[in-house]
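Structure record follows, encoded as structure tokens.
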Amino acid sequence: MTDSLAFRPVVLTRLLREEWFLAISILTCLVVLGFEGPLLKQLADPFWLALIFLVLFAAVLGSALSVVRHADHLAERLGEPYGTLILTLAVTSIEVMAISAVMIHGENNPTLARDTLFAVVMIILNGMVGLSLLFGAWRRPEQSHNLQGANAYLGLIVPLATLSLIMPSFLYTTGGPHPSAPRQMVLGIMSIGLYGVFLMLQAGRHHHFFAEEDELPVKHKARPAPRSLWLHTILLFAYMGPVVFLVEELAKPIDYVIETLRAPVAFGGAVMAVLVATPEAISAVRAAAANHLQRSINIFLGSVLSTIGITVPAMLAVSYIFAHPVTLGLEGSDLVMLILTLAVSIITFASGRTHVMQGAVHLVLFVAYVLLIFQQ
């Protein structure tokens, strides 16, 4: 009994040492909540604008990274594909909350959801995939992955991306570029329905499509401690709390930059996309560098699929409830970049093996996307 009592302070001390950023996140929330008025009045000062933006961005990003860290712990204990599914859904929840907060706060930015979705797709399918393949090929001529899993992801990403971001550009009506309520309902039902079928496939009879060839079946793995699972789950949701509040505050300096300093309209979407994609990018690159390419693929392709399959219906619902119109269809160079990215992604994962040249191609496309943001 004495050993048990001595063990508790040790565990508590280690927990406080590891979760110190939660205190910073909560403290940032309290400061913003108590001094929101004076802080926002100083946005006209470039120094204070940059300082407030960087502090809020760092707090949101740090909390998101902590969410991913605990999701990674759950992933290690539950195995594939269940662990990656938890990671993907956690990050997608952050994305939905972030875009919803900016949409509700902004006065008139109907392209925000579209720009953010497009930015997430470009950052993940080009930036994240490029870095993962390059780091994975650093010491190995080639890396292999489960071809059936990649095909399953791309088999849904291509049609959902086409229906959500390409097709609306050719369905304009007399009411303008915003989709009508019936079209929104149909698109939302199709997206959720297809993603639901995919989840049943991923977690059901075809879960081996998303596991590495040498990975042991889940039933042979040691059962994780229930206390450990519950602790990581509680901390995951604890970190998501500050994200919900701080991302809405971050929307205010972002709107100020766009409306006052005449920054590119896509800037807000790109910032939100970076917040969403960075935590998963770190996990994907680490997995590829450790020669676990299948886990890396599960992360970045799963993230794109959940972004389109869940975020699009959520944004359409927010648009209807709060009467904020949305424009989904891409135009001009963005439309070309999306089609090119989808085509190159199909080629990249078509053989079941990847190498350094494919990573370089995706990074070049990512650089082209960044340059195009500031030329529009």
Side-chain angles (χ1 to χ4, degrees), residues 19-69 90-117 119-120 123 235-280 307 311 314-315 317-319 321-324 326:
E19 309 302 333
W20 58 272
F21 197 85
L22 181 59
I24 293 180
S25 300
I26 295 175
L27 180 61
T28 305
C29 292
L30 294 176
V31 170
V32 173
L33 187 63
F35 302 94
E36 180 179 7
L39 290 175
L40 294 180
K41 289 181 180 179
Q42 303 182 59
L43 291 181
D45 186 338
F47 172 78
W48 279 105
L49 174 63
L51 180 62
I52 293 173
F53 175 82
L54 290 176
V55 169
L56 292 176
F57 186 88
V60 174
L61 182 59
S63 299
L65 287 171
S66 298
V67 169
V68 173
R69 174 165 55 87
V91 175
T92 304
S93 300
I94 294 176
E95 177 183 358
V96 170
M97 291 183 291
I99 302 176
S100 300
V102 180
M103 281 182 61
I104 296 171
H105 170 75
E107 294 295 331
N108 183 22
N109 192 358
T111 63
L112 173 68
R114 179 198 68 185
D115 292 338
T116 304
L117 292 174
V120 169
I123 291 173
L235 288 172
L236 185 149
F237 284 101
Y239 278 105
M240 290 182 69
V243 173
V244 177
F245 175 75
L246 292 177
V247 78
E248 184 175 358
E249 300 302 318
L250 180 63
K252 298 171 183 177
I254 291 176
D255 284 344
Y256 182 86
V257 170
I258 294 175
E259 297 170 3
T260 306
L261 303 183
R262 297 181 181 179
V265 178
F267 174 76
V271 173
M272 293 295 104
V274 169
L275 282 174
V276 172
T278 298
E280 286 188 309
T307 293
T311 307
M315 294 306 97
V318 171
S319 170
I321 294 173
F322 294 96
H324 280 249
V326 294

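Index from 1, following the sequence. What's counted below: heavy atoms across the whole structure, side chains too, no hydrogens, waters or symmetry copies.
- Here the closest heavy-atom approach between residue F21 and residue Y239 is recorded as C-CE2, 4.1 Å.
- In this structure, the side-chain contact (heavy atoms from CB on, under 4.5 Å) partners of L61, at least two apart in sequence or on a different chain, are F57, L65, L275, T278, P279.
- Scanning both residues, L246 and C29, for their nearest heavy atoms gives CG-SG, 3.7 Å.
- For L54, there are no side-chain contact (heavy atoms from CB on, under 4.5 Å) partners two or more places apart in sequence or in a different chain.
- The CD1 atom of I52 sits 10.0 Å away from atom CZ of F47, with the distance rounded to the nearest 0.5 Å.
- The salt bridge (charged side-chain N to carboxylate O under 4.0 Å, His left out) contacts involving residues 46-69 comprise E19-R69, where partners must be two or more places apart or lie in separate chains.
- Taking the side-chain hydrogen bond (donor to acceptor under 3.5 Å, both in side chains) definition, one finds that T307 meets it with E95, sequence neighbours left out.
- For T28, there are no side-chain hydrogen bond (donor to acceptor under 3.5 Å, both in side chains) partners, not counting sequence neighbours.
- Scanning for side-chain contact (heavy atoms from CB on, under 4.5 Å) contacts around L27 gives V31, with sequence neighbours left out.
- The CG atom of D45 sits 10.0 Å away from atom CG of L51, with the distance rounded to the nearest 0.5 Å.
- Nearest heavy-atom pair, I123 versus A277, reported as atom, atom and distance to 0.1 Å: CG2-CB, 3.6 Å.
- Put simply, CZ on F245 and CD1 on I26 are 12.5 Å apart, with the number rounded to the nearest 0.5 Å.
- Summarising the geometry, atom OG1 belonging to T116 is positioned 9.0 Å from atom CE belonging to M315; distances are rounded to the nearest 0.5 Å.
- Closest heavy-atom contact between A238 and P242: O-CD, 3.0 Å.
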